[in-house]
2 protein chains.
Amino acid sequence: MMSSKKDETQSKILEATWKLLESGDYQSVHMAHIAKKAGVSRQAVYLHFKTRAELLNATTRYIDTVKDVDLRFGPTREATEGIDRLEKFISAWVDYIPEIYGVARALIALRDTDEAARDAWDDRLNSLKSGCDKTIKALKKDGELTETLSVSKATDALWALISIHSWEQLVLGCKWSQKQYKDYLIASAKKILVNIKV
Amino acid sequence: MMSSKKDETQSKILEATWKLLESGDYQSVHMAHIAKKAGVSRQAVYLHFKTRAELLNATTRYIDTVKDVDLRFGPTREATEGIDRLEKFISAWVDYIPEIYGVARALIALRDTDEAARDAWDDRLNSLKSGCDKTIKALKKDGELTETLSVSKATDALWALISIHSWEQLVLGCKWSQKQYKDYLIASAKKILVNIKV
DNA sequence: AAGTCAACTTTACACTGTGTAAAGTTTTTA
DNA sequence: TAAAAACTTTACACAGTGTAAAGTTGACTT
């Protein structure tokens, strides 16, 4: 095959980057370290990716492919009842966060200096927001959305509530368990978004 | 006076750092630039602040002094009734955010690449958290804290709820007005944290 | 089987930013 | 007016990004 060697090296670099990002030690995710971990020379990395920003971007795309993101949110879309859907949506998202956190963190870090990284990150945020939108609309349809918030405002509110920053602060910062965080988030989302019935 | 000159130089450095942080160009907040802006040599900066971390830390403290933070939170501390205190605390904090956002954003941006800035930022976060703690304890004292959360968990939750990231996302990102945000935050905090009475 | 080409390695360098060191100058204070 | 403190200048060590260029390897052509 024409470029099997090239593809192989590229994969090794992407895998190495992924592993380093996941390690949580963001300072260690530099070109020399990535190259070493991938078992190639530092210059080989530059042959495949012009800059560090480009490499990190490529890594997020690579991870999405490998993790098959769409598959995870299947149960969410299948839930027909509003509150059930809200719970499943939050649950799926909270489960997904730890898996992408390393990369997310790196992208957030690059966001300010690198336009490409910012676009990549904004893309992800918008896709999450459209998930929020569908969830809120399902609530609304069932007449279970609180009367104090419009669909638009409720979408924004849910989006902010489930942000990675919040997870970072409570799970990583305050040492909440994944379960504690999920339960808290679902309970809070219901209190804030769901209409109280008599 | 023994050290009037020293104090003067120190102030010039702190002012220069502040201005650079506020400029929004986080990349430009490095020692050489700060020195130039302050009109002193780069080494003079190191005479006053051992590391960049220390300087950024000192700058946030300096800003607090100039802005007279304690004064703002006076009404909060004077509120004796739990729920009243919660409202006043959130209100004072939300009013304060826009004033410090420039510096906050810079510190958050620098936090990822720079251990220096992270320490400075963590200091600020911890001081906010202790405010949350007092607020939650006042709620608890009045028997108005929800039974589903411990004091510790409720403190963490309030802290996450009022985070700058959340403000950034909703006010700057989703174009909520300052009033909308404040009202939403107070209403949500009550729903999440306050015991529902019969 | 020899040649070519792409992928990769090695070495070296330019550049930016942090922090240290030391010698020299100015300003303050005693 | 002499000592001490504050500040300047110059120079260096170190880490990380990105560039440049010459050399190596292996696979695919002809």
Side-chain angles (χ1 to χ4, degrees), chain A residues 1-17 20-21 23-59 105-107 109-118, chain B residues 1-17 20-21 23-59 106-107 109-121:
Chain A
M1 300 302 103
M2 194 198 128
S3 53
S4 85
K5 176 101 186 268
K6 189 174 182 180
D7 288 356
E8 215 176 274
T9 305
Q10 187 146 328
S11 294
K12 279 197 289 180
I13 294 169
L14 290 168
E15 285 284 340
T17 309
L20 283 176
L21 284 170
S23 80
D25 181 11
Y26 312 120
Q27 260 60 50
S28 80
V29 191
H30 50 91
M31 300 304 253
H33 201 341
I34 290 165
K36 196 177 173 186
K37 188 114 184 170
V40 298
S41 70
R42 193 168 68 90
Q43 296 332 297
V45 180
Y46 281 102
L47 286 178
H48 289 272
F49 308 96
K50 277 187 181 172
T51 64
R52 186 164 167 271
E54 195 179 307
L55 170 56
L56 290 172
N57 255 299
T59 305
R105 194 83 218 91
L107 277 181
L110 279 170
R111 193 175 59 144
D112 301 287
T113 47
D114 180 55
E115 209 182 322
R118 201 172 86 205
Chain B
M1 296 301 103
M2 195 200 127
S3 52
S4 85
K5 176 94 184 273
K6 188 174 183 179
D7 288 356
E8 213 175 275
T9 304
Q10 186 144 329
S11 294
K12 279 195 289 180
I13 294 169
L14 290 168
E15 285 284 342
T17 309
L20 283 176
L21 283 171
S23 78
D25 181 11
Y26 317 123
Q27 261 57 51
S28 77
V29 191
H30 49 94
M31 301 304 253
H33 201 342
I34 290 166
K36 196 179 174 185
K37 187 116 183 170
V40 298
S41 69
R42 195 169 66 94
Q43 297 331 296
V45 179
Y46 281 102
L47 286 177
H48 288 273
F49 307 95
K50 276 189 182 171
T51 64
R52 188 160 165 274
E54 198 178 305
L55 170 56
L56 290 172
N57 249 301
T59 304
L107 284 178
L110 289 169
R111 186 185 73 136
D112 302 297
T113 47
D114 192 332
E115 205 184 330
R118 197 161 113 201
D119 290 350
W121 182 239

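Every chain is numbered from 1, with letters handed out A, B, ... down the list of sequences. Reckoned from all heavy atoms, side chains included, excluding hydrogens, waters and symmetry mates.
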Undergrad: In whole angstroms, how far is the P atom of C/dT16 from the NZ atom of B/K36?
TA: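 Between P of C/dT16 and NZ of B/K36: 13 Å.
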Undergrad: For nucleotides 23-25 of chain D, give me every protein contact, N/O to N/O, under 3.5 Å, one pair per line with atom names.
TA:
none

Undergrad: What integer distance in Å separates A/R52:CZ from D/dA15:P?
TA: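 A/R52 atom CZ is separated from D/dA15 atom P by 17 Å.
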Undergrad: What is the distance from OH of B/Y46 to P of C/dA21, rounded to the nearest Å?
TA: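 Distance, rounded to whole Å: 13 Å.
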Undergrad: Quick one: side-chain contact (heavy atoms from CB on, under 4.5 Å) partners of A/A38, sequence neighbours excluded?
TA: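 Residues passing side-chain contact (heavy atoms from CB on, under 4.5 Å) with A/A38: A/K12, A/I13, A/A16, A/V40.
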Undergrad: In whole Å, what is the span from the CE atom of A/M31 to the C1' atom of C/dT16?
TA: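 Roughly 17 Å, once rounded to whole Å.
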Undergrad: If you take all heavy atoms of B/L21 and B/Y26, which pair is closest and at what distance?
TA: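 Shortest heavy-atom separation between B/L21 and B/Y26 comes out as O-CE2, 4.2 Å.
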Undergrad: Can you list every pair that meets side-chain hydrogen bond (donor to acceptor under 3.5 Å, both in side chains) and has a residue in residues 39-53 of chain A, with sequence neighbours left out?
TA: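 Passing the test, one end in residues 39-53 of chain A: A/Q10-A/H48.
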Undergrad: Between atom CZ in A/F49 and atom P in C/dA7, what is the gap in whole Å?
TA: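 Rounded to whole Å, this separation is 13 Å.
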Undergrad: Find the distance between CZ (A/F49) and CD1 (A/I34) and round it off to the nearest 0.5 Å.
TA: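 Going from the CZ atom of A/F49 to the CD1 atom of A/I34 covers 9.5 Å.
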Undergrad: Can you tell me how far C1' of D/dA6 sits from CD of B/E8, to the nearest Å?
TA: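 Going from CD in B/E8 over to C1' in D/dA6 covers 12 Å.
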Undergrad: Taking atom P of C/dG17 as reference, at what distance in whole Å does atom NE2 of B/H33 sit?
TA: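 Spelled out: NE2 on B/H33 to P on C/dG17 is 10 Å.
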Undergrad: Residues in side chain to side chain donor-acceptor pair (under 3.5 Å) with A/E54, at least two apart?
TA: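 Counting only residues at least two positions away or on another chain, A/E54 forms no side chain to side chain donor-acceptor pair (under 3.5 Å).
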Undergrad: Please state whether the phosphate of D/dA6, meaning OP1 or OP2, lies under 4.0 angstrom from any side-chain nitrogen or oxygen of B/H48.
TA: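 For B/H48, the contact criterion (side-chain N or O under 4.0 Å from OP1 or OP2 of D/dA6) is not met.
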Undergrad: Between protein and nucleic acid, restricted to nucleotides 9-13 of chain C and to nitrogen or oxygen atoms under 3.5 Å apart, what atom pairs and distances do you find?
TA:
from	atom 1	to	atom 2	distance (Å)
C/dT9	OP1	A/S41	N	3.4
C/dT9	OP2	A/S41	N	2.9
C/dT9	OP2	A/S41	OG	2.6

Undergrad: Do B/L14 and B/L55 pass the side chain to side chain contact (heavy atoms under 4.5 Å, CB included) test, and can you show the C-alpha distance, the side-chain angles, and the key distance before you say yes or no?
TA: CA-CA 8 Å; B/L14 290 168; B/L55 170 56; 4.1 Å; yes
Undergrad: In whole angstrom, give the distance that lies between atom NZ of B/K50 and atom C1' of C/dA21.
TA: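 My rounded result for the distance is 15 Å.
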Undergrad: From A/E15 CD over to A/T59 OG1, what is the distance, rounded to the nearest 0.5 angstrom?
TA: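 With rounding to 0.5 Å, CD (A/E15) is 9.5 Å from OG1 (A/T59).
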